[in-house]
Amino acid sequence: MGNLRFDVVQEAFKKKAVSPETPAGKPSDYFGSLVFGRSNMRKYLDSETYGKLTRCIDEGFPLDSITADKVAEGMKVWALEHGATHVTHWFQPLTEGTAEKHDSFMNPDGKGGVIEQFDGKSLVQQEPDASSFPNGGIRATFEARGYTAWDPSSPVFIQDDTLCIPSVFVSYTGEALDYKTPLKKALKAVNDAAVPVCRLFDPSVQRVYSYLGWEQEYFLVDEDLFAARPDLVLTGRTLMGHSSSKNQQLNDHYFGAIPSRVTAFMKDVETAGYKLGIPIKTRHNEAAPNQFEMAPVYEEANLANDHNQMLMNAMKRIARKHGFVVLFHEKPFEGINGSGKHNNWSLGTDTGVQLLAPGKDARGNFQFMIFFVNVLAAVQRHNGLLKASIASAGNTHRLGGHEAPPAIVSAFLGQAMTGVLRKLLTVPSDTPIEIAGKKGRRLGVEIPEIFVDNTDRNRTSPFAFTGNRFELRAVGSSANCAGALIVLSAAVAEQLKEFKATVDAAIAGGKSLETAVMDSLKPMIASVLDTLCFDGNGYSDQWKQEAARRGLDTESSVPRMFCQYTAPASVKLFTEQGIFSKKELEARNEVKWDLYSKKELIEARMGSRMALNHILPAGLEYQRRLLENLNLMRENFPDEYRELAAPQIALIRECSALLSDIKTRTEKVEAAWEEAEAMDEAYAKALAAEKAAGALQILRKSIDRLEEVTDNDLWPLPKNREILFIN
Ligand code: ADP
Ligand code: MG
């Protein structure tokens, strides 16, 4: 009897690298060639239209309809020249990933022929049939009316044969149904709060930008092996499978050479990324087998987030060309690292000052210290909400796992900065803050110079200071970065506003700027050192207890974490910063619970089906063979068979115990699934779905053990050692 698994493994193993496309010239020759950026705008628009469009982009001036028509015409000409035939508003709904609905440029000309058309109205606004996008009851399903509107601050680009127009997605009553709308509001809130603080030092500051540099982790799995795993196909992760004898113990993958099939894939992704204007910089193996990472140079946060979504789409497409499927799931395989998306985040002014990097002089450092401490205070105050922002059905397997940030948000500053903060608490408020080793007065608190390139890292910390930025490490690999950035930005904006008001009041009361600032920072410093900052092992049980004592949020249930969004402090935060109304927060929570339930219930259903359709038949067949063997023993050695067949008998006992466990545990999963499926209310349903997920986790333990004892020939599913080591 042939074993399908062996055939699939053989096929996968035989695959050779497909040569990457060779682009003409160096990256600088084709960088941004598929983006309607400034140089293309200049080329395809008249100078008046160009001027109006750039003012719209830079300063938010609305476009009049005549100009919009001209912009659309220029875009159309450019797009047709680059082989585009269709156009779409490209947006980021609350499901994962992006959404698009393609319309052809082609229109009947009324004389029996067709012409290519695209006007300003279709550029600026579209009405997708939006009824099936999640909206948490804001818009009744029958009402199918939401609209997408162009976000001119993100450049239009071409993907395959389609002109993509980055857009926001909102309901007719004005509620955001996507990630981009609140992200833009949150970034504006940070700008509005940070500019007045910067002006304490430099009145010429006009804008404060948020920067994001993401690091995208992912797995590559051969597509034939993928196709032979129904759980991977339907849920993006393996719901069963005992860990491979060799996995990441040797750490050889992290330092190893990138396999040639994978390199070819990466090169094609880089070429595609460069054409889309994405400045991809880094590629490397990650810790787990067949796990990799890609990271660009950081950019303005809204653009960087679009670029992340665009690149994820490109990766999915390009992987297939190389016979791979890319997995963005946070935990595709048990027993080895999952995938995250580190969000490196910082703030900077239009005058070129990086606000989270030590300054050039005492005054610059003083400003740095203000932003540094206020960010920490903001994260401390909203630590539970920040955790809720990265929580998802997929990420739940990563949080609390040993390779990933724990389910408690703390901050890691490193020795150098912790020392600076402690010192600041002990000196008079007008003491200058200096970089050690620099010339000048040596009276102040010193920031050690080496700290700027500090490699002092703590991989267990979810929020780490890394010299000129904070690194939010807890974000899931499949997530939209906006989820976390919205919360972080809102919290920082709120904090900076409060800080500025306190300082203004103290100055009005006669204090100097330095004293007013330091007097207000000191209690914040004392508080974050006591509560938020933690340099130890974030995975330890002691830390869980310690964190609870400190008052940090230690909730570990994902559906419960989402309740943070509608807690009074969060509602106040989001409504005062003009980011979400209470109604939006409630609706979005419904969506989160709903998405969580759906994912967990699909997994529960898939897991129980596989137990019945794949696992039990294989286990029973093995048991039958053992029994046959035992019968033959008895026929041939009637007197001694009990002794001689002791190993078979032991195996039969173990198999039959496992088979019976699998059957009863499957019934429990199915019962939990049914109970959850029957529920209507989103929160209750999510809690019930969480129970089904727990039941599935118990079921898999018996399955994974059965896999270990069953004849390799009979096992119907590709094993981890095959999926993870063939590339
Ligand atoms: P590591 O793995 O050491 O964290 P990587 O090179 O993989 O470093 O990724 C670092 C990321 O941080 C890159 O995307 C980089 O552009 C980004 N980054 C560097 N400086 C800043 C900054 N000031 N603000 C935001 N992101 C930054
Ligand atoms: Mg990295």
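Each ligand, and each atom within it, is numbered from 1 in the order the structure gives.
Each of the atoms 23 (N) of ligand 1 lies under 4.0 Å from some heavy atom of Gln354. Less than 4.0 angstrom separates some heavy atom of Glu293 from each of these atoms of ligand 1: 7 (O). Of all atoms in ligand 1, numbered sequentially from 1 with element shown, those under 4.0 Å from a heavy atom of Val297 are 16 (O).
Across the listed options Pro296, Gly467, Ala295, Ala464, Pro296 owns the non-hydrogen atom lying nearest to atom 13 (C) of ligand 1. Summarising the contacts of atom 22 (C) of ligand 1 with Ala301, Ser346, Gly213, the nearest heavy atom is found in Ser346. Counting only non-hydrogen atoms, the option in Thr466, Ile280, Asn344, Asn343 that gets closest to atom 25 (C) of ligand 1 is Asn344.
Side-chain contact of Asn308 with Lys341: a donor-acceptor pair under 3.5 Å is present, judged by distance alone. Judged purely by distance below 3.5 Å, without hydrogens or angles, the side chains of Asp553 and Asn383 never pair a donor atom with an acceptor atom.
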List the steps and the verdict of side chain to side chain contact (heavy atoms under 4.5 Å, CB included) for Leu488 and Phe463. CA-CA 11 Å; Leu488 182 60; Phe463 193 67; 4.2 Å; yes
Carefully, step by step, assess Lys497 and Asp192 under the rule salt bridge (Lys or Arg N to Asp or Glu O under 4.0 Å). CA-CA 9 Å; Lys497 273 189 198 155; Asp192 293 350; over 6 Å; no
Evaluate His307 against Glu299 for side chain to side chain contact (heavy atoms under 4.5 Å, CB included), listing each step before the verdict. CA-CA 9 Å; His307 280 172; Glu299 301 175 283; 2.7 Å; yes
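More than 12 heavy atoms of other residues, nucleotides or ligands lie within 6.0 Å of NZ in Lys321, so this atom counts as buried by the packing criterion.
Checked by distance only, ligand 1 and His284 stay at 3.5 Å or farther apart across all their nitrogen or oxygen atoms.
No heavy atom of His342 sits closer than 4.0 Å to any atom of ligand 1. Within the structure, the closest approach of Glu471 to ligand 1 falls below 4.0 Å when heavy atoms are considered.
Cation-pi check for Arg588 over Tyr565 is not met; the charged atom does not lie both under 6.0 angstrom from the ring centroid and within 45 degrees of its normal.
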